Colleague: 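Here it is, the structure in full.
Bear in mind that the values here come from a model prediction, so they are computed numbers and not experimental data. By convention in this document, chain letters (A, B, ...) are assigned in the order of the sequence lines, proteins followed by strands, and residues within each chain are numbered from 1. All heavy atoms count here, side chains included; hydrogens, waters and symmetry mates do not.
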2 protein chains.
Amino acid sequence: METITIKDIAKALGLSTSTVSRALRNSYEINPETKKLVMEYAERMNYRPNPIALSLRDSKSKSIGVIIPEIANHFFSQLINGIESIAYNLGYHVVIFQSHESYEREVANTNYLVSRKVDGLLISLSSLTTNLFHFQDLMERGLPIVFLDRVPNAIETHKVVVDNFAGSYEATEHLIKSGRKRIAHLTSPIYLSITTERLAGYKQALEDYGLPFDESYVKYCYHGGKVATENEAAVQEMLEMPEPPDAIFTASDRLTTGCMSVLQKKNIKIPQQIAIVGFTNISVAELLNPPLTAVVQPAMEMGQQAVELLIRLIEHPQKTDVFETRSLKTSLIIRESSVGKAEAL
Amino acid sequence: METITIKDIAKALGLSTSTVSRALRNSYEINPETKKLVMEYAERMNYRPNPIALSLRDSKSKSIGVIIPEIANHFFSQLINGIESIAYNLGYHVVIFQSHESYEREVANTNYLVSRKVDGLLISLSSLTTNLFHFQDLMERGLPIVFLDRVPNAIETHKVVVDNFAGSYEATEHLIKSGRKRIAHLTSPIYLSITTERLAGYKQALEDYGLPFDESYVKYCYHGGKVATENEAAVQEMLEMPEPPDAIFTASDRLTTGCMSVLQKKNIKIPQQIAIVGFTNISVAELLNPPLTAVVQPAMEMGQQAVELLIRLIEHPQKTDVFETRSLKTSLIIRESSVGKAEAL
DNA sequence: CTGAAAGCGCTAACAA
DNA sequence: TTGTTAGCGCTTTCAG
């Protein structure tokens, strides 16, 4: 795997490495003829600067690290596509890691990316992260970080989120207006920002429409839906309540499909017996049985905005005095899973 | 972002950098006491070797590059999970890139990974890759590469695939036995290995059961399903044939869901009017309307075996005289989309 | 047992 | 306009 280096070019052309280096960077202080000579030779030999050497020298890498819970999730893969589309245009490479909803892996990935000298970090917290020291420490040491979707309250930096409260309110309102009375909420761990915000929107809608809020209709899945058994148990508990719900509002992709699976297995009719609205970007929502009503997040755009903010932070670190939190709008797409008259279970 | 280096430790302890380096690597030629001193200090200061410096020195990185068409696809994300699970245990990091089914991006990603000194490459070809020079060149220069799923015939190296012929044969046979007579095949570009193999299995089944093979029942999607319009047009063409198919065997995730979308829009009943079997790992197959019969690939295991082969190649380059192609089995999971009597369109 | 020095590829301050 | 040198962090001869 030998590759040609500046030294090789210098030797071949009888020049010094610095002259070659300067010529390649098109420095004004180099004789046009020399420049041409060098450029052409480099081109011919297919010279490529060694980014490792550059990183070592400059302690930067023109790359940004992304840590998300899971790739196998349409919301996150769209997020990545948004991130990549912008990053590549601005000359940055994107290195993707999955935390698999594990705090330990999030920390390990973070450390690795930092040691690899990424210029900045884009993070969506794992559902099990409660300690933020690994990020706080980095921020204090000057590493630019932007959070998206699952963001920490305790850290001051740019953030890109959706209006979870509004999205959740709208979903709940829709269920209420469709005549549902006992609306349950299946969600992620309470210490995630998205969980509390969605919960708040849900509560507010209930209150505004005069429905009682009953804590026992809210089930938290510690692993954010990753662990199927936990998921199933939560739905099962709902079904076994003295007054089972006539609608379930689910807070993520996994939670939604997991919930539908259980209902299907139990032959519970959706939406007649239980209506479903999912906070999800699942790609085949309209192919499901029944087609799924969904609160959709502009994932691509979230990714794009987040990189933009991050790269601005990287390239103009001093210029940032105030951090912004951008909040994008969700859209409620109504399909069959939530409409029509309720039937007793 | 200053981090502590060997030099700092040396200075603090009044030693030379080489002594510190050796102590940290637990070299036999270092006085146990010095060793202990250094180790403890390093531990206390949270010293981490700079991997960039190591890469520059050794031209290796303890990391492997993965280039796949698309993350937003269950088959590939499972593949990645398989790859990661093994790689981490063996101390390698995994760097993931998407070609987005574009030859140019595949080449660009390859070059980048190589310049970043990955120790090896795991590749699943883009649907538009016909020229293999970028890989051939690297292999000749000694870079270990293992292909998986979409593999090139023209390159000799380890490969991990599924038995596409058998999977396809089984799917087609199933449709025939369910009474279907005009079975169409919606597939990827013909120059992908998976396409020709699946096509061959399909043909063989038709032949074995005495059904005619009609080339016009086979539609190739140049972009492997990525471009929805192309996808739709292909299905549309099928429907407009003088004798439209009574079953469609689709060759990938995207092709399958795209096809189902079109049929749904046109109010064509599945499976009554057209039965569907998909060569797909889509996670919600059983939640679809109707639940989807699928040829499922052991994606996780494919990923695991591929990294194992790759890492073996990396760590014992000389020991490999023969390359192996591992072929794993698919499984046909029968659901409603392909059973029951056929009705005229 | 420990240290000095070179080198991985590149750039920039300093000299010429 | 070009060359020399040092240094980014680390390991490894080669010399003590």
Colleague: Please report, rounded to the nearest Å, how far the P atom of C:dG9 is from the NZ atom of A:K60.
Modeller: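 For the pair A:K60 NZ and C:dG9 P, the rounded distance is 20 Å.
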Colleague: Decide yes or no on side-chain hydrogen bond (donor to acceptor under 3.5 Å, both in side chains) for B:S126 and B:T129, but give the supporting numbers first.
Modeller: CA-CA 5 Å; B:S126 101; B:T129 297; 2.9 Å; yes
Colleague: For B:I6 and D:dC8, what is the distance between atoms CD1 and C1' respectively, to the nearest whole Å?
Modeller: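 Roughly 14 Å, once rounded to whole Å.
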Colleague: Give a yes/no on whether any side-chain N or O of B:T19 is located under 4.0 angstrom from OP1 or OP2 of C:dT2.
Modeller: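 False: B:T19 side-chain N/O out of range (4.0 Å or more) of C:dT2 OP1/OP2.
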Colleague: The side chain of B:S18 lies closest to which of these nucleotides: D:dT11, C:dA4, C:dA12?
Modeller: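 Of all the options, the side chain of B:S18 is nearest to C:dA4.
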Colleague: Mind calculating the distance between CD1 (B:I9) and P (D:dT11) to the nearest angstrom?
Modeller: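 The distance from CD1 of B:I9 to P of D:dT11 comes to 11 Å, rounded to the nearest Å.
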Colleague: Roughly how many Å is it from NZ in B:K117 to C1' in D:dG9, rounded to a whole number?
Modeller: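 Roughly 17 Å, once rounded to whole Å.
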Colleague: Specify the residues of residues 31-52 of chain A, ordered by number, for which at least one heavy atom lies under 4.0 angstrom from an atom of DNA chain D.
Modeller: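 By residue number: A:N31, A:T34.
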Colleague: So that I can tick it off, tell me whether A:E101 and A:R150 are bridged by a salt bridge, with the cut-off set at under 4.0 angstrom between side-chain N and carboxylate O.
Modeller: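 Here A:R150 pairs with A:E101 in a salt bridge, since their nearest N and O are under 4.0 Å apart.
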Colleague: Atom CZ of A:R25 to atom C1' of C:dG9: distance rounded to whole Å?
Modeller: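 That distance rounds to 13 Å.
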Colleague: Using OP1 and OP2 only, check whether a side-chain N or O of B:K7 sits under 4.0 Å from D:dC8.
Modeller: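 So the side-chain polar atoms of B:K7 do come within 4.0 Å of the phosphate oxygens OP1 or OP2 of D:dC8, strictly under.
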Colleague: Mapping B:D58 and B:E29 to their closest nucleotides on DNA chain C, which lands nearer the 5' end?
Modeller: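 Looking at DNA chain C, the more 5' nearest nucleotide goes with B:E29.
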Colleague: Report the distance from atom OH of A:Y28 to atom P of D:dT1, rounded to the nearest whole Å.
Modeller: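 Rounding to the nearest Å, OH of A:Y28 and P of D:dT1 are 10 Å apart.
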Colleague: Could you check, using the six-membered ring where one of them is a Trp, whether A:Y47 and A:Y41 have ring centers closer than 6.0 angstrom?
Modeller: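 No, they do not, as the ring centres are separated by 6.0 Å or more.
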Colleague: Please report, to 0.1 Å, the donor-acceptor pairs under 3.5 Å made by any side chain of residues 132-140 of chain A, with sequence neighbours excluded.
Modeller:
| unit_1 | atom_1 | unit_2 | atom_2 | d |
| --- | --- | --- | --- | --- |
| A:H134 | NE2 | A:E106 | OE2 | 3.1 |
| A:D137 | OD2 | A:R141 | NH2 | 3.4 |

Colleague: Could you say whether A:L24 or B:G14 is positioned toward the 5' end of DNA chain C, judged by the nucleotide with the nearest heavy atom to each?
Modeller: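 Looking at the nearest nucleotide for each, B:G14 comes out on the 5' side.
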Colleague: Using OP1 and OP2 only, check whether a side-chain N or O of A:S21 sits under 4.0 Å from C:dC10.
Modeller: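 It does not, given that no N or O in the side chain of A:S21 lies less than 4.0 Å from OP1 or OP2 of C:dC10.
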Colleague: Working to the nearest 0.5 angstrom, can you tell me the gap between B:N153 CG and B:S193 OG?
Modeller: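 With rounding to 0.5 Å, CG (B:N153) is 7.0 Å from OG (B:S193).
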Colleague: Please state how far atom CZ in B:R116 lies from atom P in C:dG9, giving the value in whole angstrom units.
Modeller: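 Going from CZ in B:R116 over to P in C:dG9 covers 15 Å.
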Colleague: Is A:R22 touching bases, backbone alone, or none of the nucleic acid, heavy atoms closer than 4.0 Å?
Modeller: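 Here A:R22 touches the bases of the nucleic acid.
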Colleague: Please list, one pair per line, the donor and acceptor atoms closer than 3.5 Å that link side chains of residues 31-39 of chain B to other protein atoms, with sequence neighbours excluded.
Modeller:
| unit_1 | atom_1 | unit_2 | atom_2 | d |
| --- | --- | --- | --- | --- |
| B:N31 | OD1 | B:E33 | N | 2.8 |
| B:K35 | NZ | B:N26 | OD1 | 3.0 |
| B:K35 | NZ | B:S27 | O | 3.0 |

Colleague: The side chain of B:R57 is closest to which nucleotide in this list: D:dG9, C:dT2, C:dA12?
Modeller: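 For the B:R57 side chain, the nearest candidate turns out to be D:dG9.
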Colleague: Students often get this wrong, so: under 4.0 angstrom with heavy atoms, is B:T5 touching a base, only sugar-phosphate, or nothing?
Modeller: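 Sugar-phosphate, no base atom in range.
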Colleague: Is the Lys NZ or Arg CZ of A:R105 less than 6.0 Å from the centre of B:Y88's six-membered ring, within 45° of the axis?
Modeller: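 A:R105 over B:Y88 ring: yes.
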Colleague: Rounded to the Å, how far apart are A:L13 CG and D:dG3 P?
Modeller: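 The answer, rounded to whole Å, is 11 Å.
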